[in-house]
Amino acid sequence: MLKLVVLSVLLCATCHVAFAFAGGLLPNGNFEFGPKPSQMKGTVVIDRSGIPEWEISGFVEYIKSGQKQGDMLLVVPEGAFAVRLGNEASIKQKLKVVKGMYYSLTFSAARTCAQEERVNVSVAPDSGVLPIQTMYSSNGWDSYAWAFKAMFGYIEIVIHNPGVEEDPACGPLIDAVAIKALFPPKATNKNILKNGDFEEGPYVFPKASWGVLIPPNIEDDHSPLPGWMIESLKAVKYIDSAHFSVPQGTRAVELVAGKESAIAQVVRTVIGKLYTLTFAVGDANNACEGSMIVEAFAGKDTLKVPYQSTGKGGFKRATLRFSAVHNRTRIMFLSTFYTMKSDASLCGPVIDDIRLLSVRKPRLV
């Protein structure tokens, strides 16, 4: 019933107030509507309200696809335009949301000339710093997800570049900002794990063939992947069946950075009780080839599942049986090896359809 009240309506261009919507680009979220010539000086936007539906602060540039900075071609993630955030620059937009609900932001970012670029995303009182120095794709940009709980009926989404470079124009390109309401699933009698099929997750752009990165060190309270924690130094990739091979349903997770790319969930268990953890391991049909191993952990029990990928899709199923030794058990998955495609982009094994069930001990006759 709650989904019925999350309706899509247009943002008021003058008052900067929006009504909540379940999923999609923010008003002018792809920055295709730009400033007037009088609101710019070269590529720099000099009017705080120069970009329709947004308010800017600091050194913000309006970048056209194909534009160059010296010998470097500036890559625009989607469409014809994007914004670049210079030192301490930010863009923000106000939205009307459902108080108390969880939401996920998805946006695309491309690194330019700074080596340690980061993006600070905030919706008061939550904020997070997303490292974007590691490029996971070969096309020059990645899409990222970040989640928050709406503490108020109106929120202000702020994307900020906290960097301080010698060249004030050295900052990330930002494009395609979208939002999606999250409906965190609960454990059931068919699966003790929450969201074991990964069907609930961040917004995925319909035409984006590169997936969405879920950044490291994301806790489960505000995870774009409800129920799961990203307990690693690197991100994991959220993929869809429209562009990748997915073992079950329409969504899955690709472990793209070896042992530095891990997901985990803590579940309630009964000490001494037997459990079975079943899951699928495969490849995304994205030319990621080679010998892969997924390591599954259930408390102190582990299972290594080898998978020989031809990069053309496919999967196998595996089962880990264990006896609980605590009333809370950590379920975790990671990839043993780093894997790279021929274009040098990071990739790895896909996991999906993770189920955890208790096993009844057979009665003695």
Checklist entry - Any side-chain donor paired with an acceptor under 3.5 Å for Asn28 and Glu53? => result no
Checklist outcome for this item: In terms of heavy-atom contacts, His326 and Ile271 come closest through C-CG1, 3.6 Å
Next on the checklist: If I take atom CD1 from residue Ile263 and atom OG from residue Ser223, how far apart are they, to the nearest 0.5 angstrom?
Outcome noted: 9.5 Å
Checklist outcome for this item: Excluding Ile293, membership of its hydrophobic cluster (Ile, Leu, Val, Met, Phe, Trp, Tyr; side-chain heavy atoms within less than 4.5 Å) reads Phe337
Checklist entry - Shortest non-hydrogen contact from Ala296 to Phe333? => result CB-CE2, 3.6 Å
Checklist entry - Do Lys237 and Val253 have side-chain heavy atoms sitting under 4.5 Å apart? => result no
Next on the checklist: Using the ring pair (Phe, Tyr, Trp, His ring centres under 6.0 Å) criterion, which residues pair with Tyr62? Sequence neighbours excluded.
Outcome noted: Phe81
Next on the checklist: Under a 3.5 Å threshold, yes or no: a donor from one side chain and an acceptor from the other, between Glu289 and Thr310?
Outcome noted: no
Checklist entry - Hey, mind stepping through Ser143 and Trp210 against side chain to side chain contact (heavy atoms under 4.5 Å, CB included) and telling me if it holds? => result CA-CA 8 Å; Ser143 294; Trp210 51 85; 2.8 Å; yes
Item to check | Residues Leu26, Ile157; criterion side chain to side chain contact (heavy atoms under 4.5 Å, CB included); working and verdict | outcome: CA-CA 10 Å; Leu26 295 184; Ile157 298 167; 4.1 Å; yes
Next on the checklist: If the condition is side chain to side chain contact (heavy atoms under 4.5 Å, CB included), which residues does Ala109 pass it with, not counting sequence neighbours?
Outcome noted: Phe107, Ile132, Tyr144, Ile174
Next on the checklist: Could you work out, with ring pair (Phe, Tyr, Trp, His ring centres under 6.0 Å) as the rule, every residue matching Phe205, not counting sequence neighbours?
Outcome noted: Tyr203
Next on the checklist: Between Lys312 and Asp283, does any side-chain N to carboxylate O distance fall below 4.0 Å?
Outcome noted: no
Checklist entry - So, for Ala252 and Val246, which heavy atoms are closest and what is the spacing to 0.1 Å? => result CB-CG1, 3.8 Å
Next on the checklist: Check whether Tyr338 reaches the backbone of Gly348 with its side chain - one donor and one acceptor, N or O, closer than 3.5 Å.
Outcome noted: no
Checklist entry - Can you check whether Tyr136's main-chain N or O pairs, donor with acceptor, with Asp142's side chain at less than 3.5 Å? => result yes
Item to check | CZ (Arg268) with more than 12 external heavy atoms under 6.0 Å | outcome: no
Checklist entry - Any side-chain heavy-atom pair from Thr339 and Leu346 closer than 4.5 angstrom? => result no
Checklist entry - Just checking, is any N or O donor in the side chain of Ser108 or Asp175 under 3.5 Å from an acceptor N or O on the other one? => result no
Item to check | ILVMFWY cluster, Leu85 and Phe59 together (side-chain gap under 4.5 Å) | outcome: no
Next on the checklist: Quiz question: by atom type and distance under 3.5 Å, do the side chains of Gln265 and Asn195 form a donor-acceptor pair?
Outcome noted: no
Next on the checklist: Taking the side chain as everything from C-beta on, heavy atoms only, tell me whether Val121 gets closer than 4.5 Å to Leu105.
Outcome noted: yes
Checklist entry - How many angstroms lie between CD in Glu254 and SG in Cys347, if you round to the nearest 0.5 Å? => result 6.0 Å
Checklist entry - Does Ala124 offer a backbone N or O that forms a donor-acceptor pair with the side chain of Ser122 under 3.5 Å? => result no
Checklist entry - Is any side-chain heavy atom of Ile159 less than 4.5 Å from a side-chain heavy atom of Ser90? => result no
Item to check | Co-membership, hydrophobic cluster, residues Trp228 and Ile214, 4.5 Å side-chain | outcome: yes
Next on the checklist: Tell me every residue that passes ring pair (Phe, Tyr, Trp, His ring centres under 6.0 Å) with Tyr307, counting only those two or more places apart in sequence or in another chain.
Outcome noted: none
Checklist entry - Is the shortest heavy-atom distance from the side chain of Phe315 to the side chain of Asp352 under 4.5 Å? => result no
Next on the checklist: Keeping Gln248 on the side-chain end and Asp353 on the backbone end, is there a donor-acceptor pair under 3.5 Å?
Outcome noted: no
Checklist outcome for this item: Shortest non-hydrogen pair, Ala145 vs Ser104, comes out as CB-OG, 4.0 Å
Checklist entry - From Ile230 CD1 over to Ser261 OG, what is the distance, rounded to the nearest 0.5 angstrom? => result 7.5 Å
Item to check | Neighbour count >12 (heavy atoms, 6.0 Å) for atom NZ, Lys316 | outcome: yes
Item to check | Modelled atom types, side-chain donor and acceptor of Glu295 and Thr336, under 3.5 Å | outcome: yes
Checklist entry - What is the distance from atom CE of Met101 to atom CE of Met151, rounded to the nearest 0.5 Å? => result 14.5 Å
Next on the checklist: Quick check: do Val204 and Arg251 have side-chain heavy atoms less than 4.5 Å from each other?
Outcome noted: yes
Next on the checklist: Between Ser245 (side chain only) and Gly313 (backbone N and O only), is there a donor and an acceptor less than 3.5 Å apart?
Outcome noted: no
Item to check | Gap separating the CG atom of Leu173 from the CZ atom of Phe31, nearest 0.5 angstrom | outcome: 10.5 Å
Item to check | Same apolar cluster (I L V M F W Y, side chains within < 4.5 Å links), Phe322/Leu193 | outcome: yes
Checklist entry - Do Arg118 and His160 come within less than 4.5 Å of each other through their side chains, counting heavy atoms only? => result no
Checklist entry - Do the side-chain N and O atoms of Gln308 and Ser291 include a donor-acceptor pair separated by under 3.5 angstrom? => result yes
All N/O donor-acceptor pairs, side-chain side in residues 275-282, below 3.5 Å, sequence neighbours left out:
{"unit_1": "Tyr275", "atom_1": "OH", "unit_2": "Val270", "atom_2": "N", "d": "2.8"}

Checklist entry - Does the pair Tyr102 and Phe148 meet the rule for a ring pair (Phe, Tyr, Trp, His ring centres under 6.0 Å), with working shown? => result CA-CA 6 Å; Tyr102 291 92; Phe148 64 93; 9.0 Å; no
Next on the checklist: Just verifying a value: how many Å separate Phe198 CZ and Asp240 CG, rounded to the nearest 0.5 Å?
Outcome noted: 14.5 Å
Checklist entry - With distance as the sole test, does Gln93 use its side chain to make a donor-acceptor pair with the main-chain N or O of Pro27 at under 3.5 Å? => result yes
Item to check | salt_bridge(Lys41, Glu61) N-O dist < 4.0 Å | outcome: no
Item to check | Pairwise side-chain contact, Trp146 with Val123, heavy-atom cut-off 4.5 Å (strictly under) | outcome: yes
Next on the checklist: To check you understand the geometry: which heavy-atom pair defines the closest contact between Pro224 and Ala147, and what is its length?
Outcome noted: N-CB, 3.5 Å
Next on the checklist: If you compare all heavy atoms of Ser358 against all heavy atoms of Ile192, which two are closest, and at what distance to 0.1 Å?
Outcome noted: N-CD1, 4.0 Å
Next on the checklist: Can you tell me if Lys341 has over 12 outside heavy atoms packed within less than 6.0 Å of its NZ?
Outcome noted: yes
